[in-house]
Structures are given as structure tokens and as C-alpha cells.
Amino acid sequence: MLIRPSRRIFLGAATLGMAAFTTRGLFADELERVKTPAQTEGPFYPDKLPLDTDNDLLIVNDNITPAVGDVTHLAGKILDGKGNPVKNALVEIWQVDAKAVYLHTGDSGKKKRDENFQGFGRFLTSSSGEYYFRTIKPVAYPGRTPHIHFKIKRGGKELLTTQCYVKGEKRNDKDGIYTDIKDAKQRESVTIEFAPIKESRIGELAAQFDIVLGWTPESK
């Protein structure tokens with residue numbers, strides 16, 4: 001089931017000074033100059049997609065038991081090379097569960113994963129270019145700093161594969177994939193804050209990751 005962020009989540013994002021739920025503004029204008037860097041897909045893009053691929057990774061199908069982890073409302077915009085929102089972009093994310101296990105037979109076949117965590121989700125953007133997921137704050141994977149994988153598609157074409165990281169995470173500087181981003185502004189663009197939502201009684205977090213593609217409608 002597709003879920004939309006509540007007004008409380010809007011306020012949480014606004015507290016962080018984000019523009020994810022607003023019209024295109026100065027922040028987006030600056031992002032025009034910083035294209036989101038492409039990064040490796042890694043070996044654990046799901047080799048068998050779950051039956052449930054919606055944008056709520058905390059609940060699988062009609063289960064009532066949620067996944068373990070720090071509940072995170074992850075949102076942002078998909079922008080083209082000119083800073084304009086991209087409509088009908090399919091945003092895919094995948095990440096490890098709270099036990100650091102991917103939804104992939106090459107990983108979960110060897111370890112016990114949280115069966116209540118979806119592990120993979122999709123969201124199709126509207127004319128505003130906005131996307132939204134309810135997931136968990138990423139945890140470290142052996143040899144990797146905490147991160148979430150992203151893949152952006154449109155019209156059956158893959159436009160970008162990248163990752164986002166946790167701002168202030170000490171393991172970032174020791175992560176070879178993260179440090180391989182040599183441009184400081186690009187590295188900053190994929191390093192995002194996971195901030196507490198003041199109104200939340202269960203310690204929910206809000207995070208924004210705006211993605212700027214090196215792509216325009218004219219170049220499709």
C-alpha cells in the first residue's frame with residue numbers, strides 16, 4: 001500500500017531546513033550545480049523481488065508486526081540537470097535490516113534476517129518530483145559504513161544508481177566507496193542528516209535526500 005507523509009512529517013522536514021515538500025526554491029537552485037554522483041550498485045540488489053514493493057519498508061503486506069530499527073521518514077526530490085522536478089521517475093531503494101542483512105540469497109541465505117523488514121521499496125514521482133519512503137535508519141554492513149542504495153529509472157531506462165550516507169557517521173571516512181567521491185560538494189550532497197522529529201513519541205527520524213540527475217528531458 002502506498003503511504004504518504006503526514007503533516008507531522010512535513011513539519012519534521014521543515015525543521016531540518018529542507019525543501020523536500022515545498023516548491024522548488026533556492027536550495028534546489030544550488031543543487032543544480034552539484035550533480036549527484038553515480039555509485040556502485042553493489043552485489044545485493046534483490047535477486048528476487050518481494051511481493052510487497054511499496055514505499056513502506058516497515059510493514060510487509062498485511063503483517064501487523066513492524067520491522068526492528070529507528071523509524072525514518074526518508075523523502076526528497078528527483079531533479080533534472082536544470083534543477084526541474086522529474087515526473088514519473090521510479091525511485092527504488094534497498095538496504096540492510098537492523099541485523100545488517102540484505103534481501104538477497106547471497107546474503108540472507110547465510111544469515112537470519114528480519115522477516116518483518118521489506119528490504120526494498122519503490123515510489124513513482126508526480127509532477128513535483130517528490131518521493132517518500134518509511135524505512136529504518138541504515139546500519140553498518142561488514143566493511144561498509146551505514147548507507148542506503150538508490151536507483152532512478154524512467155521509461156524503462158536507468159538514469160542513476162547511487163547511495164546516501166549518514167551525516168556525522170565516523171565510519172564514513174574509512175569507507176572506500178564513500179571516499180571514492182573525490183569532489184567535496186558531491187560527497188556532501190549524498191551525506192544527509194537523520195534528525196529526530198520533535199513531535200514523535202517513538203523517536204522517529206526525518207531525512208531528506210534530493211537527487212540531481214545529469215539528465216534533462218531533451219537528452220532522453
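At a threshold of 4.5 Å between non-hydrogen side-chain atoms, the residues Ile192 and Lys167 do not count as touching. Proximity of Val139 to Pro146: side-chain heavy atoms (C-beta onward) are nowhere separated by under 4.5 Å. When side chains are defined from C-beta on, Ile177 counts as touching Gln39, because their heavy atoms get closer than 4.5 Å. Side-chain contact between Lys99 and Lys112: present, with at least one pair of heavy atoms (C-beta onward) separated by less than 4.5 Å. With contacts defined as side-chain heavy-atom distances shorter than 4.5 Å, the pair Pro138/Val166 qualifies. Looking only at side-chain heavy atoms (C-beta outward), Gln163 and Arg144 come within less than 4.5 Å of each other. Two residues are said to be in side-chain contact when any heavy atoms from C-beta on lie closer than 4.5 Å; Asn84 and Leu79 fail this criterion.
Between the side chains of Lys151 and Thr161, at least one donor N or O lies within less than 3.5 Å of an accepting N or O. Judged by distance alone, the side chains of Asp97 and Tyr102 never bring a donor and an acceptor atom under 3.5 Å apart. Side-chain N/O atoms of His73 and Glu204 include a donor and acceptor closer than 3.5 Å. Between the side chains of Thr135 and Gln95, at least one donor N or O lies within less than 3.5 Å of an accepting N or O.
Clustering ILVMFWY residues whenever any of their side-chain heavy atoms sit less than 4.5 angstrom apart, transitively, puts Trp94 in a cluster other than the one holding Ile148. Ile181 and Leu160 fall within the same hydrophobic cluster, where Ile, Leu, Val, Met, Phe, Trp and Tyr residues are linked whenever their side-chain heavy atoms come under 4.5 Å apart, directly or through other members. By the rule that hydrophobic residues join a cluster once side-chain heavy atoms approach within less than 4.5 Å of another member, Val60 and Leu74 end up as members of separate clusters. A chain of hydrophobic side-chain contacts below 4.5 Å, direct or via other Ile, Leu, Val, Met, Phe, Trp or Tyr residues, connects Val71 to Ile93. Hydrophobic clustering (ILVMFWY, side-chain heavy atoms < 4.5 Å, transitive): Phe44 and Val96 are in one cluster.
The nearest pair of heavy atoms linking Ala100 to Asp107 is O-OD2, 4.0 Å. Nearest heavy-atom pair, Lys35 versus Leu213, reported as atom, atom and distance to 0.1 Å: CD-O, 3.7 Å. Pairing each heavy atom of Gly121 with each of Phe133, the nearest pair is C-CE2, 3.6 Å. Minimum heavy-atom separation, Pro50 to Leu103: CD-CD2, 3.6 Å. Thr179 and Lys182 get closest at one heavy-atom pair: O-NZ, 3.3 Å. Of all heavy-atom pairs spanning Gly119 and Leu57, the tightest one is C-CD2, 4.0 Å.
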Residues His104, Tyr45; criterion side-chain hydrogen bond (donor to acceptor under 3.5 Å, both in side chains); working and verdict: CA-CA 7 Å; His104 189 286; Tyr45 181 92; over 6 Å; no
Residues Val91, Ile78; criterion side chain to side chain contact (heavy atoms under 4.5 Å, CB included); working and verdict: CA-CA 9 Å; Val91 183; Ile78 307 301; 3.8 Å; yes
Worked verdict on Val212 versus Val34 for side chain to side chain contact (heavy atoms under 4.5 Å, CB included): CA-CA 7 Å; Val212 182; Val34 183; over 6 Å; no
Derivation and outcome, side chain to side chain contact (heavy atoms under 4.5 Å, CB included), residues Leu49 and Arg122: CA-CA 11 Å; Leu49 293 181; Arg122 287 172 166 160; 3.3 Å; yes
side-chain hydrogen bond (donor to acceptor under 3.5 Å, both in side chains) assessment of Asn116 paired with Thr65: CA-CA 7 Å; Asn116 296 312; Thr65 303; 5.0 Å; no
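Residue-environment remark: CD (Glu115) exceeds the threshold of 12 foreign heavy atoms within 6.0 Å. No more than 12 heavy atoms of other residues, nucleotides or ligands shown are found within 6.0 angstrom of CG on Asp62.
In this structure, Lys77 fails the cation-pi test against Tyr131, since its NZ or CZ atom is not both closer than 6.0 Å to the six-membered ring centre and inside 45 degrees of the ring normal.
Ion pairing between Asp56 and Arg134 holds under the 4.0 Å rule for side-chain N and carboxylate O.
Listed for the Glu130 side chain is no donor-acceptor partner under 3.5 Å among the backbone atoms of Thr125. A donor-acceptor pair is defined here as one N or O able to donate and one able to accept, closer than 3.5 Å; no such pair exists between the side chain of Thr36 and the backbone of Ile211.
Residue Tyr165 is tested with Phe209, Phe150, Tyr178 for a ring-ring contact (aromatic ring centres under 6.0 Å, His included); the sole match is Tyr178.
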